[in-house]
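None of these values were measured; they are calculated from a predicted model. The figures that follow rest on heavy atoms only: side chains count, while hydrogens, waters and symmetry mates do not.
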Amino acid sequence: MITVTFPDGNQRTYDEGTTAMDVAMSISHGLARNILSGTYDGQTIELNDPLITDGTLQFFTWNDDGGKKAFWHSSAHVLAQAILHFYPEAKLTIGPAIEKGFYYDVDFGDEMISEKDFEKIEKQMMEFARQKFEFKLRAVTKAEALEAYKNNPYKTEIIENLEDGTITFCDHADFTDLCRGGHIPHTGYIKAVKIMNVAGAYWRGDENKPQLTRVYGVSFMKAAELKEYLELLEEAKKRDHRKLGKELELFTFSQRVGQGLPLWLPKGAMLRERLENFLKRAQNKAGYSPVITPHIGNKELYVCSGHYSKYGKDSFQPIHTPEEGEEYLLKPMNCPHHCELYKATPKSYKDLPVRFAEFGTVYRYEQSGELHGLTRVRGFTQDDAHIFCTPDQLKDEFKNVIDLVLYIFKTLDFKDYTAQVSLRDPEKPEKYIGSDENWVKAEAAIIEAADEKGLNTAVEYGEAAFYGPKLDFMVKDALGRSWQLGTIQVDYNLPERFELEYKGSDNQEHRPVMIHRAPFGSMERFVAVLLEHCGGNFPLWLTPEQVKILPVSDKYNDYAKEVAQFLEISDIRALVDERNEKIGRKIRDAEVSKTPFMLIVGEKEVDSGQLSVRRHGQGDQGAMSKEKFIKLIADEVSQLIE
RNA sequence: GCCGGUAUAGCUCAGUUGGCCAGAGCACGUGAUUUGUAAUCUCGGGGUCGUCAGUUCGAAUCUGUCUACCGGCUCCA
């Protein structure tokens, strides 16, 4: 008999050789139907394998990451089986589960595979799924494994790195794959599958190694779930900032201007300006001093900062002047300029902290394949600031920055966010610069600051920058996708390199600590994320056009213009639709352009002096006085922006 | 940068196996209409089919080149 312990502490005894699935059945048939995988004493097991020792058994269902992982990993086996069915010469490599679905990297040799082939692969996978093939893990010796894969250099490479005695194969039907396990009981659990796309991927992620074809797929236990997932993708497509940016006339790109260089159209520029002004006001209150620095800097500046040796190849090529040997760079970051500003006047401890803020446009030569809409570009504007303070002030300054970031998230309706604290890798102190004492102080300051602000943080070791620890903010948008936005970083490197100093109360020179911070990250990226988050329906205070005035016929155009002027006096952005169109048409166009408010003016309104108000997506709101309408908007704006 | 895909009017897209002046809807301009809560009708202008070269009697269509865009290149059996 063996004793099985469950996570809740309950224990039951079973005959030796009972399978995990038998155990589940003994608890309830419902559980047995839903479990996809499990662990025994923390080790991944196959549900159909016998249990032979006492241990702790944990089950995973679709609602657990472990369950999904087993499901998708098993689906990858079926994908491989289907691929071999059509391409017997293909060489399999690896096929893991990923965050949403799975992939298999395959060397197809001379064969090509494209979207046209997806359907037949899907059909074949479903055919295999219907046959409820059991997944069975079996141990093999290293020699056997190498023999089985003697024609597959990828699997051979993997096997060679494994210990003899730990190697297992997974069989289902007549298909065998090298695999360490963690499967669903049989293929029949797979009720829906979709091949998403194919892409190139290097063997082991190394660009010097052969390039394989990566086939991405996703599968579900219910056909309805696949449908739901595809609908979510559709929704994401509709919210794609590149599509909305074009439709709402916010920004564009030009092949002639160059890759990754966004051009802001008037509506987009005004939107961005509003965001900038919003942050400027908040920063003024928080004691920041605005500064302005040029777009280029002498190459020596970046040699001094260390950026040139580290990031020189990611910069645009140096700009040469008529002087022999003189070189300038388009600035890839603002910090060196700000360090020079700090040095412009002698500092005493009484002057600190100094907080220099600049919407600084920087240029970086991103690889062409990395460029993506506004989220990855070659020219962008950081909402940058550098705080120079004493080590003792670090924690308070850090907390103030956290407050600023959270204020921005709150105002822009990002309710769901997490913070990642990135610390040194304790194993590799040689990777970092700065004294151990300062690191200890800085890391403690960040952790305490985050704790005291009640942040939901995850600590990552080894993720710190070489010059200091940092705190990054990740937000979730309305569709549940994560984006990295703001960042706060501590830096000991630049003050050292630029020999920044302040006179302490002891009349000695001391080195300040620097904080780099950008709550938005970059204006481009932030606008992209905001656009996808709100689906183009910007908060009232940000939206390019707040009100569209729609005259019932052109007889009322003059009156409509009077109303517009009246609103403009109250700082409301209003436009009159003067086109010779029917009112229904004007309403439709205003709705499509996502204008928050529409005012219909005709004979009734001229006579009564009232306004007929319509709200985007909500329809007719009835009549109200001009004063009441202005107050309605003002109240909503002040409520949003506090 | 690398792999795969895509490129036709301002936008979204048709364009059969190469064959006369390359099409539609929307947008834009014109005229009519004077409209009451999600698309009024009329007429019209607009494209060297991304670039450069090649195959062919003939290329939007086939081949190569370059450029841009889209998906991917971290997830280790």
Side-chain angles (χ1 to χ4, degrees), chain A residues 69 72-73 76-77 80 92-105 108 112-116 137 140 145 149 152 154-159 161-162 166-170 176-182 196-216 237 240 242-243 246-247 249 252-260 313 365-373 550-557 579-593 598-605 612-622:
Chain A
K69 202 177 160 195
W72 282 328
H73 169 67
H77 279 300
L92 302 177
T93 70
I94 59 168
I98 52 176
E99 201 178 320
K100 198 77 203 185
F102 54 90
Y103 68 77
Y104 217 110
D105 280 353
F108 279 97
M112 287 298 229
I113 176 169
S114 73
E115 278 184 37
K116 292 187 283 293
L137 210 58
V140 293
Y149 281 111
N152 184 326
Y154 311 101
K155 294 283 191 191
T156 300
E157 187 181 321
I158 296 166
I159 294 163
N161 291 321
L162 295 174
T166 65
I167 302 172
T168 48
F169 278 7
C170 176
T176 298
D177 202 353
L178 173 69
C179 183
R180 74 174 149 202
M196 302 305 291
N197 53 17
V198 284
Y202 297 106
W203 172 234
R204 308 233 139 161
D206 181 343
E207 59 182 297
N208 300 311
K209 300 243 168 85
Q211 185 145 20
L212 308 167
T213 302
R214 178 167 296 181
V215 183
Y216 284 90
K237 235 185 198 171
D240 189 316
R242 294 167 297 186
K243 179 173 145 68
K246 192 183 268 181
E247 285 172 2
E249 296 173 2
T252 187
F253 289 88
S254 150
Q255 192 166 328
R256 303 182 74 179
V257 172
Q259 272 191 291
K313 62 179 183 305
Y365 192 82
E366 302 285 354
Q367 287 195 28
S368 63
E370 295 288 345
L371 302 173
H372 179 91
L550 313 177
V552 170
S553 83
D554 57 17
K555 281 193 280 191
Y556 309 104
N557 279 1
R579 293 176 306 166
N580 180 3
E581 290 290 351
K582 295 175 101 162
I583 189 67
R585 176 54 180 275
K586 293 181 184 179
I587 287 168
R588 184 189 145 77
D589 287 347
E591 289 282 356
V592 168
S593 73
M598 285 147 272
L599 298 176
I600 286 96
V601 297
E603 192 178 355
K604 267 192 280 177
E605 288 70 27
S612 287
V613 179
R614 185 185 165 99
R615 177 122 215 201
H616 172 60
Q618 293 173 25
D620 196 351
Q621 308 286 298

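Of the listed nucleotides (rU67(B), rG71(B), rC73(B)), rU67(B) has the atom at the smallest distance from the side chain of Q255(A).
Judged by distance alone, with hydrogens and angles left aside, the side-chain atoms of E157(A) form no donor-acceptor pair with the main-chain N or O of Y154(A) at under 3.5 Å. Remark: side-chain polar atoms of E249(A) are not paired, donor with acceptor, to backbone N or O of E247(A) under 3.5 angstrom. Put simply, the side chain of K555(A) never gets that close to the backbone of E603(A): no donor and acceptor are under 3.5 Å apart. Between the side chain of T93(A) and the main chain of D105(A), a donor-acceptor pair closer than 3.5 Å is present. A donor-acceptor contact shorter than 3.5 Å is absent between the side chain of K155(A) and the backbone of L92(A).
Distance check on atom P: rG46(B) versus rG58(B) gives 29 Å, rounded to whole Å. Here the separation of rA59(B) from rG50(B), taken at their C1' atoms, is 16 Å to the nearest Å. Across rG19(B) and rG1(B), the matching C1' atoms stand 42 Å from one another, rounded to whole Å. As rounded to the nearest Å, rA7(B) and rC75(B) have C1' atoms that lie 33 Å from one another. A gap of 45 Å separates the P atoms of rC70(B) and rA32(B), to the nearest Å. Taking atom P on both rG10(B) and rG47(B), the two are 8 Å apart, rounded to the nearest angstrom. Using atom P as the reference point in both rU48(B) and rU42(B), the two lie 28 Å apart (nearest Å). Of the C1' atoms belonging to rU61(B) and rG18(B), the separation is 6 Å, rounded to the nearest Å.
In this structure, R579(A) does not reach the rG29(B) phosphate: none of its side-chain N or O atoms is under 4.0 Å from OP1 or OP2. Contact annotation: R588(A) side-chain N/O to rU37(B) OP1/OP2 distance is not under 4.0 Å. Note on K246(A): a side-chain N or O is less than 4.0 Å away from OP1 or OP2 of rU12(B). The phosphate of rC73(B) (OP1 or OP2) has a side-chain N or O of Y216(A) nearer than 4.0 angstrom. Regarding contacts with the backbone of rC69(B), a side-chain N or O of Q259(A) is found under 4.0 angstrom from either OP1 or OP2. Regarding contacts with the backbone of rA38(B), every side-chain N or O of H616(A) stays at 4.0 angstrom or more from both OP1 and OP2.
In this model, a side-chain donor or acceptor of R614(A) finds a partner on the base of rA38(B) within 3.5 Å. Judged by distance alone with a 3.5 Å cut-off, a donor-acceptor contact links the side chain of E605(A) to the base of rG36(B).
Looking at heavy-atom distances under 4.0 Å, L162(A) makes contact with a base.
Atom pair K243(A):NZ and rG10(B):C1' shows a separation of 16 Å (rounding to whole Å applied). Per the geometry, CD belonging to Q367(A) stands 14 Å off P belonging to rA68(B), to the nearest Å. When the P atom of rC76(B) is taken as reference, atom CD1 of I158(A) falls 12 Å away, rounded to whole Å. The nearest whole Å value for the distance from the CD1 atom in I587(A) to the P atom in rG36(B) is 10 Å. Across the protein-nucleic acid pair, E581(A) atom CD and rG31(B) atom C1' stand 14 Å apart, rounded to whole Å. The separation between M196(A) atom CE and rG5(B) atom C1' is 16 Å, rounded to whole Å. Straight-line distance from the NE2 atom of H73(A) to the P atom of rC75(B): 16 Å, rounded to whole Å. Rounded to whole angstrom, the span from the CG atom of N197(A) across to the P atom of rC3(B) amounts to 18 Å.
Of all nucleotides present, only rG1(B) satisfies the Watson-Crick or G-U wobble test against rC73(B), with each distance under 3.5 Å. The base-pairing partner of rA24(B), taking Watson-Crick or G-U wobble contacts with both distances under 3.5 Å, is rU12(B). Nucleotide rG50(B) forms a Watson-Crick or G-U wobble pair with rC66(B), both donor-acceptor distances falling under 3.5 Å.
At a threshold of 4.0 Å, the pair E591(A)-R614(A) counts as salt-bridged, since one of the basic side-chain nitrogens sits closer than that to a carboxylate oxygen.
If you find the closest nucleotide of RNA chain B to I98(A) and to G373(A), the one lying nearer the 5' end belongs to G373(A).
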